Participant: 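Take this structure, written in structure tokens, and hold onto it; I'll ask about it next.
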Amino acid sequence: MGRIIAVANQKGGVGKTTTSINLSSCLAAKGKKVLAIDMDPQGNMTSGLGIDKDGVEKTVYDLIIGQATIEEVLCKEALENLDVLPTNIDLSGAEIELIGVENKEFIIRDEVNKIRDNYDFVIIDCPPSLSMLTINAMTTADTVLVPIQCEYYALEGLSQLIHTIELVRERLNPLLEMEGVVFTMYDARTNLSLQVVENVKDNLQQRIYKTIIPRNIRLAEAPSHGLPINIYDPKSTGAESYMLLADEVIAREEEE
Ligand code: ATP
Ligand code: MG
């Protein structure tokens, strides 16, 4: 049975979506069967994987309000080995729709359980908030992967995130684990990036991925072409590092 990884950090702009898109795509390129789930109403993972988010018939929103089956929402083979549950701005209404709904924390889990056996990995891109959408991702997930941007305020909000993960584990998903931390937007030209990495390593008792994602302009460009980095520019440092991250994620599976 595959591993379900929620990519979460309530801090905005730290590289959640970039990591979700490119980790999904690199795992798929390595022959793994991958399902990518976009839980952010911004829909950037959906468009970044080449799907016209406003053109799709059914989205995660329809799934949440019970207006579509998971099979109806699924975009099959958006890339080789990669299926997507797409999202657009409609999802921003979900929070309100869920008020008073029984078992609202488990809607996505119950749907994904119907198809998870088809996949080696499920990657969930979370919104920059600790909302009901993030909770749904965390009840679905086996692990939470936390991207940390190499900047001065990197650790801000992290204790709140870890507390949320603990609460979800205690009350909703006893098997939830921390996948680990991945550093993003590392700038080798500044001491600051290095200091942030050292500081987090000293202060955070979490697994830290060896692969550090550098700041790379190609990573920022790729989404406007609807392509993941390993297809947009396979020789870029961004592509190389997400390929290495995928290797590490796979290796962890084999460790267990
Ligand atoms: P949000 O909280 O809004 O969902 P996010 O955490 O998903 O944001 P991204 O959208 O992945 O963050 O990244 C924020 C911005 O930084 C984007 O414009 C993205 O293209 C850019 N970016 C992310 N990672 C890198 C990188 N390694 N090198 C250069 N640019 C990057
Ligand atoms: Mg995002």
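No experiment lies behind these values; they were computed from the predicted model shown. First listed ligand is number 1; within each ligand, the first listed atom is number 1.
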Participant: Which atoms of ligand 1 are found less than 4.0 Å from any heavy atom of Ala220?
Facilitator: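 Going through ligand 1 atom by atom, the ones under 4.0 Å from Ala220 are 20 (O), 30 (N).
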Participant: Tell me, which protein residue and heavy-atom name are nearest atom 27 (N) of ligand 1, and how many Å apart are they?
Facilitator: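 The answer is Pro214 O, 2.8 Å.
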Participant: Do you know the tightest heavy-atom contact between Leu79 and Pro228?
Facilitator: CD1-CG, 3.6 Å
Participant: If you measure every N/O of Val14 against every N/O of ligand 1, is any gap under 3.5 Å?
Facilitator: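 Checking ligand 1 against Val14, an N or O pair does fall under 3.5 Å apart.
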Participant: Check the side chains of Asn44 and Thr17 for a donor-acceptor pair under 3.5 angstrom, ignoring hydrogens and angles.
Facilitator: no
Participant: Would you call Asp40 a ligand 1 contact, heavy-atom distance under 4.0 Å?
Facilitator: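 Yes, that is the case, since the closest heavy atom of the residue is under 4.0 Å from the ligand.
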Participant: Out of all atoms in ligand 1, which are within 4.0 Å of some heavy atom of Ile213? Include the element for each.
Facilitator: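 Under 4.0 Å from Ile213, ligand 1 has these atoms: 27 (N).
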Participant: Report the part of Thr17 in contact with ligand 1, treating N, CA, C, O as backbone and CB onward as side chain, heavy atoms under 4.0 Å; options are side chain, backbone, both, neither.
Facilitator: both
Participant: Give the atom numbers and elements of ligand 1 that come within less than 4.0 Å of a heavy atom of Asn216.
Facilitator: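 Contacts of ligand 1 toward Asn216, numbered from 1: 26 (C), 28 (N), 29 (C).
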Participant: If you apply the rule salt bridge (charged side-chain N to carboxylate O under 4.0 Å, His left out), what do you find for Arg252 with Glu179, and how did you get there?
Facilitator: CA-CA 9 Å; Arg252 170 157 185 201; Glu179 172 80 26; 3.7 Å; yes
Participant: Determine if the distance from atom 4 (O) of ligand 1 to the closest protein heavy atom is below 4.0 Å.
Facilitator: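 So far as the 4.0 Å threshold goes, atom 4 (O) of ligand 1 is in reach of a protein heavy atom.
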Participant: On a heavy-atom basis, which atom in Glu72 and which in Thr69 lie closest, and how many Å separate them?
Facilitator: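 Between these two residues, the closest heavy atoms are OE1-N, 2.8 Å.
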Participant: Answer yes or no for Pro127: is there a heavy-atom contact with ligand 1 below 4.0 Å?
Facilitator: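 Not so, Pro127 does not reach ligand 1.
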Participant: Can you tell me if His163 has over 12 outside heavy atoms packed within less than 6.0 Å of its NE2?
Facilitator: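 Atom NE2 in His163 is not packed in, count stays at 12 or less.
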Participant: With respect to atom 19 (C) of ligand 1, which of Ile217, Asp125, Thr18 exhibits the smallest heavy-atom separation?
Facilitator: Thr18
Participant: Side chains of Tyr61 and Glu97: any donor to acceptor distance under 3.5 Å?
Facilitator: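 Result is yes, a qualifying pair exists.
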Participant: Under the 4.0 Å line, does any protein heavy atom show up next to atom 29 (C) of ligand 1?
Facilitator: yes
Participant: Between Pro128 and ligand 1, does any nitrogen or oxygen pair lie at a separation below 3.5 Å?
Facilitator: no
Participant: For Asn191, I'd like to know if atom CG has over 12 heavy atoms of other residues, nucleotides or ligands within 6.0 Å.
Facilitator: no
Participant: Around the Mg ion (ligand 2), list the protein N/O/S atoms within a radius below 2.8 Å, excluding water molecules.
Facilitator: Thr17 OG1
Participant: Return yes if some donor-acceptor pair links the side-chain N/O of Ser131 with the main-chain N/O of Pro127 below 3.5 Å, else return no.
Facilitator: no
Participant: Apply salt bridge (charged side-chain N to carboxylate O under 4.0 Å, His left out) to Arg3 and Asp142, showing your working.
Facilitator: CA-CA 6 Å; Arg3 179 148 110 249; Asp142 301 309; over 6 Å; no
Participant: Strictly below 4.0 Å, N to O, side chains only: are Asp40 and Lys16 in salt-bridge contact?
Facilitator: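 No, this pair does not count.
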Participant: Would you check the N or O atoms of Arg215, main chain and side chain alike, for any that come under 3.5 Å of an N or O of ligand 1?
Facilitator: no
Participant: For atom 8 (O) of ligand 1, which protein heavy atom lies nearest, and how many Å away is it?
Facilitator: Gly13 N, 3.0 Å
Participant: Tell me whether Arg207 forms a cation-pi arrangement with Tyr209, defined as NZ or CZ under 6.0 Å from the six-membered ring centre and within 45 degrees of its axis.
Facilitator: yes
Participant: I'd like to know if Lys76 and Asp83 make a salt bridge, using a cut-off of under 4.0 Å between side-chain N and carboxylate O.
Facilitator: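 No, no charged N to carboxylate O under 4.0 Å.
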Participant: Look up atom 23 (C) of ligand 1 and tell me if a protein heavy atom lies less than 4.0 Å from it?
Facilitator: yes
Participant: Looking only at heavy atoms, what is the nearest atom pair of Met138 and Ala8, with distance?
Facilitator: CE-CB, 4.2 Å
Participant: Taking both backbone and side-chain atoms of Gly15, is any N or O found less than 3.5 Å from an N or O belonging to ligand 1?
Facilitator: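 Checking ligand 1 against Gly15, an N or O pair does fall under 3.5 Å apart.
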Participant: How long is the gap from CD1 on Ile37 to CD1 on Ile5, to the nearest 0.5 Å?
Facilitator: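 Spacing of CD1 (Ile37) from CD1 (Ile5) equals 12.0 Å.
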Participant: I need the atoms of ligand 1 closer than 4.0 Å to a non-hydrogen atom of Leu219, numbered in the order shown.
Facilitator: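 Those qualifying, in numeric order: 26 (C), 27 (N).
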Participant: Decide yes or no on salt bridge (charged side-chain N to carboxylate O under 4.0 Å, His left out) for Glu80 and Lys32, but give the supporting numbers first.
Facilitator: CA-CA 10 Å; Glu80 198 183 352; Lys32 301 294 179 184; over 6 Å; no
Participant: Under 4.0 Å from any heavy atom of Gly12, which atoms of ligand 1 are there?
Facilitator: 2 (O)
Participant: Which option wins on minimum heavy-atom distance to atom 26 (C) of ligand 1: Arg218, Gln42, Met185?
Facilitator: Met185
